[in-house]
J.: 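Sending over a structure as structure tokens; questions will come in a sec.
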Amino acid sequence: MKDVILTGVRSNDEPTLGNYLGAFLPMVRLQREKAGEYQVNMFVPDLHSFTTPIDHEGLYERTIKNLKYFVAAGLDIDNADTNIYRQSYVPAHSELTWILDCFTYMGEMSRMTQFKEKSTNEDNISVGLFNYPVLMSADILLYGAKWVPVGDDQKQHLEITRDIAIRLNNKFGELFVVPEDWKKQLDFSARDSGVRVRSLTNPDKKMSKSIDDPRGTILLSDDPTDAAKKVMSATTDSVGAIHFDWENQPGVTNLLQILALLTNRTQNEVTAEWDGKTSYGDLKKAVAEAVQAFLETFQARYNEVGKEALISKLEASEEAMNIVANETLVRVQAAVGLRPKA
Ligand code: TYM
């Protein structure tokens, strides 16, 4: 059995540059480097989509579209060690979630920062929003995934997955593979810190499709010239010189990060090039050009991705994943007393 690398990106809305840099790119890179030695599971957590209100009409097609984005980003769907699937096509995800729910505590769930952030100022907060880290745990534990490359904002969810897995293993014997801790995950994906692309207008917040912040968010479907304009009007600071400093200069630092990732250079290299310079305008221009060039190439590639090959890959993976996931589910059902012991 090969070790499993697993990650998912919701398809609620158009993906952002943050999704691309934080998830698509590392995943594609990992696939290119590690498939063969590892099994790579890349799935769309479509059940996670309505933890916050969405346009249900468009969800199905957007899911397909998102997967096409992955292919445009370089994911090789002909690779035999790669599985591409939709969460809702593997019912074991929902079933395992319920069981895990009963071993997860209100206290630990209430500490999830993402829940706190997303539920502030909302009147009707769904139980789904509160509970979704447990569904995420099921997503990971069903496949015995050791490696879960995700952005910084998902760190707590990975940690709670580890806690739940360890808790059940202690109670019922070795049921689950425990995913590796955050530090090891970063080393594995060759990142020294989690990528967290910030909003261009509000650089204290992450760039997010669910926040109503169109000027601060670059969508993968944005017109490349419009996207460049967004970068040119990004919020910076009044320090007067460029430094890589998330604390005091988050806007400028965000731009340096985007530039390094898009031009495939190390952060140190890009930071050294700009450090101490005083023209924020020049930096914005360099980033705007990089963003525009990236979107032009990316969108051209996207238009060439065929739907048929993608659908047949999905169907084949979903069949295979149902077998793997059901094996885990039956093992858990037996352990908790729902099925006879093997
Ligand atoms: P989601 O759909 O919100 O985001 C998908 C991935 O994109 C990363 N990301 C970012 N990275 C850097 N900067 C940003 N501004 C940014 N915005 C988003 C996220 O960290 C994530 O890696 N719960 C997950 C999806 C999920 C999942 C899983 C992931 C469900 N089950 C199991 C891994 C394993 C989520 O909502 O991601």
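Ligands are counted one by one from 1 in listed order, and the atoms in each one are counted from 1 as well. Residue numbers start at 1 and run along the sequence shown. Nothing here was measured: the structure is a model prediction, and the numbers come from that model.
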J.: Using distance alone, determine whether N19 and ligand 1 share an N or O pair under 3.5 Å.
T.: yes
J.: Both conditions, 6.0 Å and 45 degrees, for the charged tip of K146 above the ring of F188: are they met here?
T.: no
J.: Can R198 be said to sit on top of W246's aromatic six-ring, NZ or CZ under 6.0 Å from centre and within 45° of the ring axis?
T.: yes
J.: Taking heavy atoms and a distance under 4.0 Å, where does Y143 meet ligand 1: side chain, backbone, both or neither?
T.: neither
J.: For the residue pair Y143 and V324, what are the closest heavy atoms and their distance?
T.: CD2-CG1, 3.9 Å
J.: Among all protein non-hydrogen atoms, which one is nearest to atom 10 (C) of ligand 1, and what is the separation to 0.1 Å?
T.: G18 O, 3.6 Å
J.: Which residue supplies the protein heavy atom nearest to atom 31 (N) of ligand 1, what is that atom called, and how far is it?
T.: D139 OD2, 2.6 Å
J.: Check ligand 1 against A23 and write out every atom of the ligand that is under 4.0 Å from a heavy-atom position of the residue.
T.: 6 (C), 7 (O), 22 (O)
J.: Write out the residue and atom name of the closest protein heavy atom to atom 12 (C) of ligand 1, then the distance separating them to 0.1 Å.
T.: V195 O, 3.2 Å
J.: Within ligand 1, which atoms have a heavy atom of P45 less than 4.0 Å away?
T.: 25 (C), 26 (C), 30 (C)
J.: Hey, any chance M232 and I218 share a hydrophobic cluster, counting ILVMFWY side chains that come within less than 4.5 Å of each other, even indirectly?
T.: no
J.: Which ligand 1 atoms, with their elements, are less than 4.0 angstrom from a heavy-atom of H48?
T.: 30 (C), 31 (N)
J.: Under 4.0 Å from a heavy atom of V148: which atoms of ligand 1 are those, numbered in the order shown and with their elements?
T.: 33 (C), 34 (C)
J.: Please say whether more than 12 non-hydrogen atoms of neighbouring residues, nucleotides or ligands are located less than 6.0 Å from NZ in K277.
T.: yes
J.: In the protein, what heavy atom is nearest to atom 3 (O) of ligand 1, and what distance, to one decimal place, separates them?
T.: R10 NH2, 2.9 Å
J.: Using a strict cut-off of 4.0 Å, indicate which atoms of ligand 1 neighbour a heavy atom of T7.
T.: 33 (C)
J.: Which atoms from ligand 1 have a heavy atom of L6 less than 4.0 Å away?
T.: 32 (C), 34 (C)
J.: In Å, rounded to the nearest 0.5 Å, how long is the span from CG of D223 to NZ of K229?
T.: 7.5 Å
J.: Is it the side chain (CB and beyond), the backbone, both or neither of Q87 that lies under 4.0 Å from ligand 1, heavy atoms counted?
T.: neither
J.: Answer yes or no: does atom CD of E319 have more than 12 heavy-atom neighbours from other residues, nucleotides or ligands under 6.0 Å?
T.: no
J.: In the protein, which heavy atom is nearest to atom 22 (O) of ligand 1, and how far is it?
T.: G151 N, 3.1 Å
J.: Which residue and non-hydrogen atom of the protein lie closest to atom 13 (N) of ligand 1, and at what distance in Å?
T.: V197 N, 2.9 Å
J.: For G22, take its heavy atoms, then give the atoms of ligand 1 lying under 4.0 Å from any of them.
T.: 11 (N), 12 (C)
J.: Considering only the protein, which heavy-atom contact is closest to atom 37 (O) of ligand 1, and what is its distance?
T.: Q154 NE2, 3.8 Å
J.: Would you call the rings of F298 and Y20 parallel, tilted or perpendicular, taking 30° and 60° as the class edges?
T.: perpendicular
J.: Would you mind checking if K183 and D187 are paired as a salt bridge, meaning a charged N to carboxylate O distance below 4.0 Å?
T.: yes
J.: Which atoms from ligand 1 have a heavy atom of R196 less than 4.0 Å away?
T.: 12 (C), 13 (N)
J.: Classify the ring geometry between Y132 and H157 as parallel (under 30°), tilted (30 to 60°) or perpendicular (over 60°).
T.: perpendicular
J.: Does the plane of the ring in F130 sit parallel, tilted or perpendicular to the ring in F115? Use 30° and 60° as the thresholds.
T.: perpendicular
J.: Looking only at protein heavy atoms, which one is nearest to atom 20 (O) of ligand 1, and how far off is it?
T.: D153 OD1, 2.5 Å
J.: I'd like to know if the side chain of Q156 and the backbone of T113 have a donor-acceptor N/O pair within less than 3.5 Å.
T.: yes
J.: Return the orientation label for the F24 and Y69 ring planes: parallel under 30°, perpendicular over 60°, tilted otherwise.
T.: tilted
J.: Between M207 and ligand 1, does any nitrogen or oxygen pair lie at a separation below 3.5 Å?
T.: yes
J.: Backbone or side chain, does any N or O of T16 fall under 3.5 Å from an N or O of ligand 1?
T.: no
J.: Run the contact test for F43 against ligand 1 with a 4.0 Å cut-off on heavy atoms, strictly below, and give the result.
T.: yes
